[in-house]
Amino acid sequence: MGIIILLINQAWGESPLLLFGMLVLGAILAAEIGLILGTMINEMNTLFAVWKFGGLYSSASYLYMFLNCRSG
């Protein structure tokens, strides 16, 4: 999906091979995390909660930066 978006926007930049490599590494990392969580967690509800917390945790830094920029 990321490659399709880059093709539509023509946003390959100066080093498309490096960008493609980063997309592939990110996909591999996401698949590995999913496999590890799938083997360690038995219930689907727990897996869903862990996945949602990971998304919340990764967006918390943006929220923190946004609130600091607004107050300052």
Side-chain angles (χ1 to χ4, degrees):
M1 189 66 175
I3 294 172
I4 294 171
I5 292 172
L6 289 172
L7 282 172
I8 291 171
N9 294 328
Q10 297 176 352
W12 286 104
E14 294 184 16
S15 57
L17 189 59
L18 182 62
L19 182 62
F20 181 73
M22 288 293 124
L23 284 173
V24 169
L25 284 177
I28 291 171
L29 180 65
E32 287 179 358
I33 289 173
L35 286 172
I36 290 170
L37 287 177
T39 57
M40 293 177 63
I41 298 174
N42 296 330
E43 296 180 32
M44 193 65 182
N45 289 333
T46 308
L47 179 63
F48 185 71
V50 167
W51 200 257
K52 287 294 180 178
F53 177 75
L56 180 68
Y57 183 72
S58 66
S59 5
S61 61
Y62 299 115
L63 182 63
Y64 178 74
M65 288 188 303
F66 176 74
L67 291 176
N68 279 343
C69 289
R70 301 277 302 200
S71 65

Could you see if [X] belongs to whatever hydrophobic cluster contains [Y]? Use Ile, Leu, Val, Met, Phe, Trp, Tyr and a side-chain cutoff under 4.5 Å.
X: V24; Y: L6; value: yes
X: I28; Y: L37; value: no
X: I3; Y: M22; value: no

Taking atom CG of L17 as the centre, does the number of heavy atoms from other residues, nucleotides or ligands within less than 6.0 Å exceed 12?
no

Got a second to check how far [X]'s [atom1] is from [Y]'s [atom2], nearest 0.5 Å?
X: L18; Y: L23; atom1: CG; atom2: CG; value: 10.0 Å
X: I4; Y: I8; atom1: CD1; atom2: CD1; value: 7.0 Å
X: I36; Y: I41; atom1: CD1; atom2: CD1; value: 11.0 Å
X: F20; Y: L25; atom1: CZ; atom2: CG; value: 10.5 Å

Search all heavy atoms of L7 against all heavy atoms of W12 and return the closest pair with its distance.
CD2-NE1, 3.5 Å

